[in-house]
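In what follows, a structure is listed as structure tokens, so that the remarks can point back to it.
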Amino acid sequence: MKKCPKCCALCADDDKYCSSCGFDMSENVINEESAGPAETPVKQKDKHSITCILGLICTGIYILISAVYWIIKAFESYYETKIPVKWLFLMLGIVPLFLGLLLSVIGTVVAKGHKNKKAGRLGIWGSGGCLVLNIVLVLVLILCRFAENRRFENTDYQIGDYLIHYKTNDHSQAEAACYYWDGDPRNTDLKIDYCSDGTKIVRLDYFRIKPEDSKDYYTFKKYRDTFMGSLPDDRGYYKGLEPGTTLYFDNIIFNVEIGKDVEKVSISKNNSYIYPDDIAIWNGDGSVSFYRYFYYFTVDPENKNYYAEDGVLYNKKTGKKVEAFYKGQDMSYDTKASVYAPERAIETN
């Protein structure tokens, strides 16, 4: 069947003229089967979800803020200082983090429902990218700290008056963790440069002063056994002493010169669970001297990392004071002597 172009009447395929209006149908004939839309609709391109895009933008903002925060943390670690402004960046990052995660999750769900793969990928990047990046940054910081610590061995060596850790793969250099004092109040000067065997000291790592074991009252078995056998509320400095033992209390200053090659200084004290934060010397006559000790620093003029003013040590890179124990800034003893009795201490001149 064919259709008349003029009146649209149906005619036989072999009709040359329309049976209704007589129109000449030898040309411009439209077959019924061919009737339909002039062109096939073109499939529209996938469109990105605006929600996913906004989520990704928020995530990008958070990543930038977070990167600044971790850069400041790394700077603090390297220069041994504190930069409080980092907490401002941490707080500023909370809003874009929350919005980025929320919008990205919503956008991913919507895109999945509309089978929009491109938008879905944007949503996944927005929701997971910020978390992945922060994990990576934390791991990098940990690895950097681990690499820094691995510069020196963990094994303790006593070389002369120092307890040291050799530098990894280079035993010509070391960090000092402890100085062993002979207990003589006249011997309080020490220079941090070389050990007795020629090893160069380039760092002080949680450095502390400790008496030689033969004179350190806190290492004696009688003190340790008595201390460990007492209740926490009953623990004191004088455990293990015989009644009538004379006790001396005094303050002592160690004059420490930092050598030109020292690159890092951190100071500690014997303030563990067993050892109090002072020094206790077992004297040859049976008496015990308790010392609160302090530092007075001087620095070699050629040192590029530290300087000292009035005995206080400062970091040249930051201008910050090195945390140590300085006379007048930390608690000291009132100089006195006493006789130890189990129930009371009797002051004497």
Side-chain angles (χ1 to χ4, degrees), residues 67-90 137 140-153 159-179 181 188-195 198-210 252-269 271 277 293-330:
V68 173
Y69 171 81
W70 286 111
I71 289 172
I72 294 175
K73 286 285 290 183
F75 187 89
E76 285 184 330
S77 177
Y78 180 78
Y79 289 104
E80 300 176 25
T81 186
K82 298 295 182 183
I83 305 177
V85 74
K86 70 176 183 292
W87 300 115
L88 175 61
F89 285 96
L90 186 64
L137 289 171
V140 169
L141 188 63
I142 292 174
L143 289 174
C144 290
R145 294 287 292 177
F146 179 76
E148 172 70 13
N149 292 333
R150 289 295 297 168
R151 290 179 57 198
F152 296 86
E153 300 175 357
I159 307 298
D161 295 330
Y162 293 98
L163 179 72
I164 67 170
H165 304 137
Y166 283 114
K167 191 172 184 178
T168 303
N169 301 324
D170 181 8
H171 282 197
S172 67
Q173 298 184 18
E175 64 180 9
C178 179
Y179 173 77
W181 181 43
T188 57
D189 297 333
L190 56 149
K191 183 174 182 178
I192 309 298
D193 53 2
Y194 291 92
C195 297
T199 302
K200 182 188 294 185
I201 299 176
V202 296
R203 286 176 37 159
L204 297 183
D205 184 51
Y206 294 101
F207 186 77
R208 67 191 188 278
I209 306 292
K210 183 180 181 301
I252 193 167
I253 296 176
F254 287 92
N255 302 302
V256 181
E257 181 180 351
I258 302 298
K260 66 177 183 178
D261 296 314
V262 175
E263 61 187 34
K264 180 179 178 180
V265 175
S266 61
I267 304 296
S268 183
K269 248 186 180 183
N271 56 356
D277 59 358
Y293 68 96
F294 306 93
Y295 293 96
Y296 188 96
F297 288 100
T298 55
V299 181
D300 189 299
E302 296 184 30
N303 189 290
K304 299 179 180 179
N305 302 294
Y306 294 94
Y307 69 96
E309 291 183 357
D310 298 326
V312 178
L313 187 63
Y314 294 89
N315 188 310
K316 281 186 177 180
K317 296 177 182 178
T318 64
K320 299 288 186 180
K321 179 178 71 174
V322 174
E323 293 298 325
F325 301 90
Y326 301 107
K327 182 69 173 178
Q329 299 182 19
D330 295 274

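Residues: numbered from 1 along the sequence shown. For the numbers below, each heavy atom of this structure counts, side chains included, while hydrogens, waters and symmetry mates do not.
The number of heavy atoms from other shown groups lying within 6.0 Å of CG (D189) is above 12.
Each of E302, R203, K200 was compared with D261 under the side-chain contact (heavy atoms from CB on, under 4.5 Å) criterion, and only K200 meets it. A side-chain contact (heavy atoms from CB on, under 4.5 Å) with N305 is found for one member of K260, K317, K264 and no other, namely K317.
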Show, in sequence, the C-alpha distance, side-chain angles and deciding distance for L313 and V265, and conclude whether the side chain to side chain contact (heavy atoms under 4.5 Å, CB included) test is met. CA-CA 9 Å; L313 187 63; V265 175; 3.8 Å; yes
Before you tell me yes or no, could you show the steps for E257 and Y296 under side chain to side chain contact (heavy atoms under 4.5 Å, CB included), namely the whole-Å CA-CA distance, both residues' side-chain angles and the distance that decides it to 0.1 Å? CA-CA 8 Å; E257 181 180 351; Y296 188 96; over 6 Å; no
For I253 and T188: C-alpha separation, side-chain torsions, deciding distance, then whether side chain to side chain contact (heavy atoms under 4.5 Å, CB included) applies. CA-CA 7 Å; I253 296 176; T188 57; over 6 Å; no
What's the verdict on side chain to side chain contact (heavy atoms under 4.5 Å, CB included) for Y69 and V85, showing C-alpha distance, side-chain angles and the deciding distance? CA-CA 9 Å; Y69 171 81; V85 74; over 6 Å; no
Check the pair H165, E175 against side-chain hydrogen bond (donor to acceptor under 3.5 Å, both in side chains), reporting the backbone distance first and the verdict last. CA-CA 5 Å; H165 304 137; E175 64 180 9; 3.0 Å; yes
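A pairwise comparison of heavy atoms in A176 and I201 identifies CB-CG2, 4.0 Å as the closest pair. When all heavy atoms of K304 and K316 are compared, the pair lying nearest together is O-CD, 3.5 Å.
For Y307 and Y314, the gap between ring centers is short of 6.0 Å.
At a threshold of 4.5 Å between non-hydrogen side-chain atoms, the residues F297 and Y326 count as touching. Side chains of Y206 and I267 form no contact here, defined as non-hydrogen atoms less than 4.5 Å apart. Looking at heavy atoms from C-beta onward, V202 lies out of side-chain contact with V262 at the 4.5 angstrom threshold. Taking the side chain as every heavy atom from C-beta outward, Y293 and R208 approach each other to under 4.5 Å. S266 places none of its side-chain heavy atoms less than 4.5 Å from the side chain of L204. A heavy-atom distance below 4.5 Å is not found between the side chains of I258 and D300.
No side-chain donor-acceptor contact under 3.5 Å links K321 to the backbone of N315. Not a single donor-acceptor pair under 3.5 Å links the side chain of T199 to the backbone N or O of Y194. Looking only at distances, no side-chain donor or acceptor of D193 sits under 3.5 Å from a matching main-chain atom of G259.
To the nearest 0.5 Å, atom SG of residue C178 and atom CD1 of residue I164 are 12.0 Å apart. We find the CD1-OG distance between I209 and S268 to be 11.0 Å, quoted to the nearest 0.5 Å. Note that the CD1 atom of I192 and the CG atom of N303 stand 12.0 Å from one another [nearest 0.5 Å].
Partners of D170 under the side chain to side chain donor-acceptor pair (under 3.5 Å) rule, at least two apart in sequence or in another chain, are S172.
By the 30° and 60° cut-offs, the orientation of the rings of Y295 relative to F207 is tilted. Taking the six-membered ring where tryptophan is involved, the planes of W181 and F254 are perpendicular, since the angle between them exceeds 60° and thus also 30°.
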